[in-house]
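Counting starts at 1 for both ligands and their atoms, in listed order. Just so you know, these numbers use all the heavy atoms, side chains as well, and skip hydrogens, waters and symmetry mates.
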Amino acid sequence: MSEQHTSSTITPLFSAETIGNRIREIGKEISDDYAGATPQNPLHLIVVLKGAFIFAADLVRTITVPCTVDFIHASSYGSQKHSSGNVAIRHNLQVERWNILLVEDIIDTGLTMQQITAELTALKPVSLKICSLLDKPEARKHPVEIAYTGFIVPDTFIVGYGVDYNERYRELPSIGVLNS
Ligand code: IMP
Ligand code: MG
């Protein structure tokens with residue numbers, strides 16, 4: 001992938017094939033860890049929109065234990081490349097007695113995940129873990145414990161495979177760095 005979109009170029013990081021292979025590994029790990037899940041007491045995936053929608057769609061098809069899928073909407077960026085420091089979270093889930101796996105696209109400062117986990121923990125789930133396709137540890141300001149990570153990325157601006165810049169580039173099948 002080295003595409004010219006207006007004046008920006010994208011430096012490839014992970015191909016569609018590499019992403020697919022890594023997701024199958026994570027799906028196996030999750031299925032092993034939640035082997036006790038049953039149709040009556042399934043694993044509940046909560047997908048953070050919008051960025052994680054493609055990752056979640058591929059991930060859920062590699063999970064072999066009973067699970068459900070719900071969505072939560074979070075936005076922190078607006079049209080900027082840097083976190084606004086303000087996270088708007090929207091959901092109406094009743095998660096009491098759930099084993100939750102939060103599915104996120106990328107963890108940057110950690111603010112979004114910290115706020116979502118605080119909100120959901122207050123609703124008393126049985127357990128809550130985080131699965132993030134991408135992790136940018138160099139950018140962390142708020143500590144987050146990530147149970148399953150797809151790939152570590154440098155502190156640059158990433159796009160593709162669901163991840164956007166100003167609502168662009170989500171449709172790209174691979175992941176890369178957006179050069180401005
Ligand atoms: P945080 O709250 O700073 O951890 O930011 C988390 C959210 O910001 C992620 O869920 C993404 O939606 C978005 N984000 C963070 N880094 C990037 C990036 O490099 N490209 C696109 N979106 C990003
Ligand atoms: Mg996100």
Side-chain angles (χ1 to χ4, degrees), residues 1-16 18-19 22-23 26 30 44-60 69-91 93 95 100-122 128-180:
M1 170 178 75
S2 181
E3 303 195 18
Q4 190 80 41
H5 283 286
T6 61
S7 61
S8 302
T9 57
I10 295 167
T11 305
L13 276 183
F14 308 111
S15 69
T18 302
I19 297 167
R22 182 72 189 115
I23 289 177
I26 297 174
I30 291 170
H44 294 276
L45 303 185
I46 300 183
V47 182
V48 184
L49 292 173
K50 298 178 188 173
F53 81 110
I54 293 179
F55 173 44
D58 284 342
L59 179 68
V60 73
V69 183
D70 283 283
F71 298 92
I72 196 167
H73 191 278
S75 48
S76 67
Y77 267 66
S79 63
Q80 303 300 309
K81 277 194 186 173
H82 299 284
S83 177
S84 66
N86 248 321
V87 184
I89 300 168
R90 297 204 305 269
H91 76 94
L93 300 170
V95 305
I100 298 176
L101 184 61
L102 272 170
V103 181
E104 173 64 306
D105 56 352
I106 180 163
I107 300 182
D108 185 37
T109 65
L111 183 66
T112 305
M113 272 300 109
Q114 209 174 63
Q115 297 207 351
I116 292 174
T117 50
E119 270 202 41
L120 292 176
T121 301
L128 190 157
K129 284 195 199 179
I130 296 172
C131 173
S132 186
L133 175 64
L134 303 170
D135 179 19
K136 235 192 252 181
E138 288 165 43
R140 197 77 84 254
K141 291 188 185 135
H142 311 271
V144 175
E145 195 184 322
I146 311 175
Y148 310 96
T149 304
F151 305 97
I152 304 284
V153 292
D155 190 7
T156 52
F157 202 82
I158 308 295
V159 293
Y161 195 73
V163 180
D164 76 307
Y165 169 57
N166 217 355
E167 297 302 327
R168 293 285 320 282
Y169 311 113
R170 293 195 198 275
E171 74 281 15
L172 301 179
S174 53
I175 291 171
V177 175
L178 182 68
N179 306 300
S180 44

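Around atom 22 (N) of ligand 1, the closest heavy atom drawn from Ile116, Thr112, Val163 belongs to Val163. For atom 16 (N) of ligand 1, the nearest non-hydrogen atom from the set Gln114, Lys136, Glu104 comes from Lys136.
Neither the backbone nor the side chain of Val159 has a heavy atom within less than 4.0 Å of ligand 1. At a heavy-atom cutoff of 4.0 Å, ligand 1 is contacted by no atom of Val48, backbone or side chain.
Heavy-atom minimum distance, Ile54 versus Arg170: CD1-O, 3.5 Å. What you find for Tyr169 and Ser8 is that their closest heavy atoms are OH-CB, 3.8 Å. Across every non-hydrogen atom of Val159 and Asp164, the tightest pair is CG1-C, 4.0 Å.
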Walk me through it: do Ile175 and Leu133 pass the test side-chain contact (heavy atoms from CB on, under 4.5 Å)?
CA-CA 11 Å; Ile175 291 171; Leu133 175 64; 3.8 Å; yes
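Within a 6.0 Å sphere centred on CD of Glu167, heavy atoms belonging to other residues, nucleotides or ligands number more than 12.
Using a 4.0 Å cut-off to heavy atoms of Leu111, the atoms of ligand 1 that qualify are 2 (O), 4 (O). The ligand atoms of ligand 1 that sit less than 4.0 angstrom from a heavy atom of Asp164 are 21 (C), 22 (N). Interface of Thr156 with ligand 1, defined as ligand atoms under 4.0 Å from a residue heavy atom, comprises 19 (O).
At least one N or O atom of Ile158 sits closer than 3.5 Å to an N or O atom of ligand 1. At least one N/O-N/O distance between Gly110 and ligand 1 falls below 3.5 Å.
Applying the ring-ring contact (aromatic ring centres under 6.0 Å, His included) test to His91 and every residue at least two apart in sequence or in another chain returns nothing.
A salt bridge is absent between Asp105 and Lys50; no separation between the charged side-chain nitrogens and carboxylate oxygens falls under 4.0 Å.
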